[in-house]
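Every value quoted in this text rests on a predicted model; they were computed, and no experiment measured them. Keep in mind that the numbers below use all heavy atoms, side chains included, and drop hydrogens, waters and symmetry copies. Naming: A, B, ... by sequence-line order, numbering from 1 per chain.
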Protein chains: 2
Amino acid sequence: MASDARERMVRSAIILLAQHGYQGTSFSEVLSHSQAPRGSIYHHFPDGKDQLIAAAVEVAGANAVAVLDALEGLPAAGIVDGFMAMWRAVLERSEFSAGCSVLAVTVSSDSAAAVEQAGGVFRAWTTRLAELLGDAGVAEPESFATLMIAASEGAVVLARAEHDLAPFESVHRRLLAVVG
Amino acid sequence: MASDARERMVRSAIILLAQHGYQGTSFSEVLSHSQAPRGSIYHHFPDGKDQLIAAAVEVAGANAVAVLDALEGLPAAGIVDGFMAMWRAVLERSEFSAGCSVLAVTVSSDSAAAVEQAGGVFRAWTTRLAELLGDAGVAEPESFATLMIAASEGAVVLARAEHDLAPFESVHRRLLAVVG
DNA sequence: GTCTATACGAAGATAGAC
DNA sequence: GTCTATCTTCGTATAGAC
């Protein structure tokens with residue numbers, strides 16, 4: 001299928017961003033990872049790399065929102081567990097070689113527009129998570145949602161750097177204690 | 001002074017890492033930022049970029065440990081405030097263009113050795129912070145220290161992406177509530 | 001200890017054939 | 001819609017003069 005190539009490239013860009021950051025996500029890497037045909041880069045992304053990265057951030061953001069949506073109606077502890085399980089899966093499946101692609105764009109992109117877009121994604125996550133926590137009866141849901149996003153992002157980085165799930169699990173337990 | 005050049009280059013590398021990540025910290029950038037003479041790169045860093053980055057991570061790690069040391073003897077809330085003040089200063093002075101250079105190396109370096117070294121720095125911070133918190137009478141000091149490092153690192157990223165100190169301050173307040 | 005010059009590869013991007 | 005070829009710029013690194 002022809003239009004499959006674009007989707008595969010975006011998906012590969014998300015993975016490569018999560019592993020090696022912005023500059024590590026080169027066209028060559030994306031093409032070899034996605035098995036997409038070389039001549040179709042500027043067909044699908046006429047504005048070049050910026051457009052590819054923007055698509056990747058958008059899709060990565062939407063993916064996490066979908067994970068959050070699936071947690072609707074759960075009690076607070078279930079929401080915490082579900083959200084942390086998503087990040088744990090990233091760490092385990094990649095053997096600590098991948099993290100959050102949106103965070104990677106924030107700290108390693110040279111494009112102000114890309115950072116802005118990442119900020120929008122973080123805001124969307126925080127807003128949706130706060131809704132769920134509020135429905136579950138958590139006090140000050142926005143404040144706890146912000147803590148949860150920040151702590152989980154940081155915990156993923158710590159686990160990656162230390163090649164150890166321990167700091168991630170420690171943060172997970174502490175978040176449960178706070179919300180309990 | 002001749003031997004000043006090396007120190008200036010390392011200092012510039014720390015700043016550039018915090019702003020643009022690993023690949024954004026090129027020799028050209030480091031040289032123009034540090035005003036160091038071009039011919040002295042491989043004099044001071046015969047092993048090239050890897051050696052420069054390693055020196056930057058080591059110094060950045062030691063700098064934060066020094067900040068922690070200065071908080072010795074304070075009550076728990078003072079330790080939280082002092083640690084968060086360090087990161088707040090980075091965000092404010094850079095107008096949200098800089099974050100943590102050790103985190104940046106973790107997520108955007110292509111060198112496994114550099115990531116290992118970053119992990120060692122995070123461990124050292126956590127250990128020292130846990131000591132201080134334990135002395136201040138905090139229960140489960142290691143677990144809270146890990147949460148604090150993770151949450152502060154994540155909060156810095158959120159504030160950068162959103163160009164707003166609000167998520168950072170929200171996390172700061174929540175950490176105080178947890179420890180208080 | 002610092003300089004210039006340069007080698008070599010990889011990056012993003014464009015042109016034009018098919 | 002995909003291909004090959006090519007351009008330019010930038011990155012790291014080295015050689016050899018001063």
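Distance NZ (B:Lys49) to P (D:dA13): 9 Å, rounded to an integer number of Å. In this entry the distance linking CZ of A:Phe27 with P of D:dT6 reads 21 Å, nearest Å. One can place NE2 of B:His20 at 12 Å from P of D:dG11, the figure rounded to the nearest angstrom. A:Phe45 places its CZ atom 13 Å from the P atom of C:dA13, with the value rounded to the nearest Å. Protein atom CG of A:Asp4 is 14 Å distant from nucleotide atom P of D:dG1, rounded to whole Å. Per the geometry, NE2 belonging to B:His44 stands 17 Å off P belonging to D:dA13, to the nearest Å. When rounded to the nearest whole Å, the span between CZ of A:Arg8 and P of D:dG1 equals 15 Å. Residue B:Asp50 contributes atom CG, which lies 16 Å from atom P of D:dG11 at whole-angstrom precision.
A:Gln35 is linked by a side chain to side chain donor-acceptor pair (under 3.5 Å) to nothing, counting only residues two or more places apart in sequence or in another chain. Applying the side chain to side chain contact (heavy atoms under 4.5 Å, CB included) criterion to B:Thr127, with sequence neighbours excluded, gives B:Glu131. Contacts of A:Arg123 classified as salt bridge (Lys or Arg N to Asp or Glu O under 4.0 Å), with partners at least two apart in sequence or in another chain: B:Glu162, B:Asp164. Checked against side chain to side chain contact (heavy atoms under 4.5 Å, CB included), B:His33 has the following partners two or more places apart in sequence or in another chain: B:Ser12, B:Ile15, B:Leu16. Partners of B:Asp47 under the salt bridge (Lys or Arg N to Asp or Glu O under 4.0 Å) rule, at least two apart in sequence or in another chain, do not exist in this structure.
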Cut-off 3.5 Å, no hydrogens considered: what does the side-chain donor-acceptor table look like for residues 72-88 of chain B, sequence neighbours left out?
residue	atom	partner	partner atom	Å
B:Glu72	OE1	B:Arg128	NH2	3.2
B:Asp81	OD1	B:His172	NE2	2.7
B:Arg88	NH1	B:Glu169	OE2	3.2

Side-chain donor-acceptor pairs of residues 132-141 of chain B under 3.5 Å, sequence neighbours excluded:
none

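Overall bending of the helix from C:dG1-D:dC18 to C:dC18-D:dG1, expressed as the angle between end axes built from five pairs apiece, is 0° (10° steps).
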Polar pairs (N or O, both sides) under 3.5 Å between protein and nucleotides 15-18 of chain D?
none

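The shortest side-chain heavy-atom distance between A:Val156 and A:Val90 does not fall under the 4.5 Å cut-off. Counting only heavy atoms from C-beta outward, the side chains of A:Val102 and A:Glu153 never approach each other to under 4.5 Å.
Close to C:dA11, at under 4.0 Å from its OP1 or OP2, lies a side-chain N or O of A:Ser28.
A residue-by-residue look at A:Pro46 and A:Glu29 shows that A:Glu29 has its nearest nucleotide of DNA chain C further toward the 5' end.
Counting only residues at least two apart or on different chains, no ring-ring contact (aromatic ring centres under 6.0 Å, His included) pair has a member in residues 58-80 of chain A. Every pair passing ring-ring contact (aromatic ring centres under 6.0 Å, His included) that includes a residue from residues 110-134 of chain B is listed here, sequence neighbours excluded: B:Phe122-B:Trp125.
Residues of residues 31-43 of chain B that place a heavy atom closer than 4.0 Å to DNA chain C, in numerical order, are B:Pro37, B:Arg38, B:Gly39, B:Ser40, B:His43.
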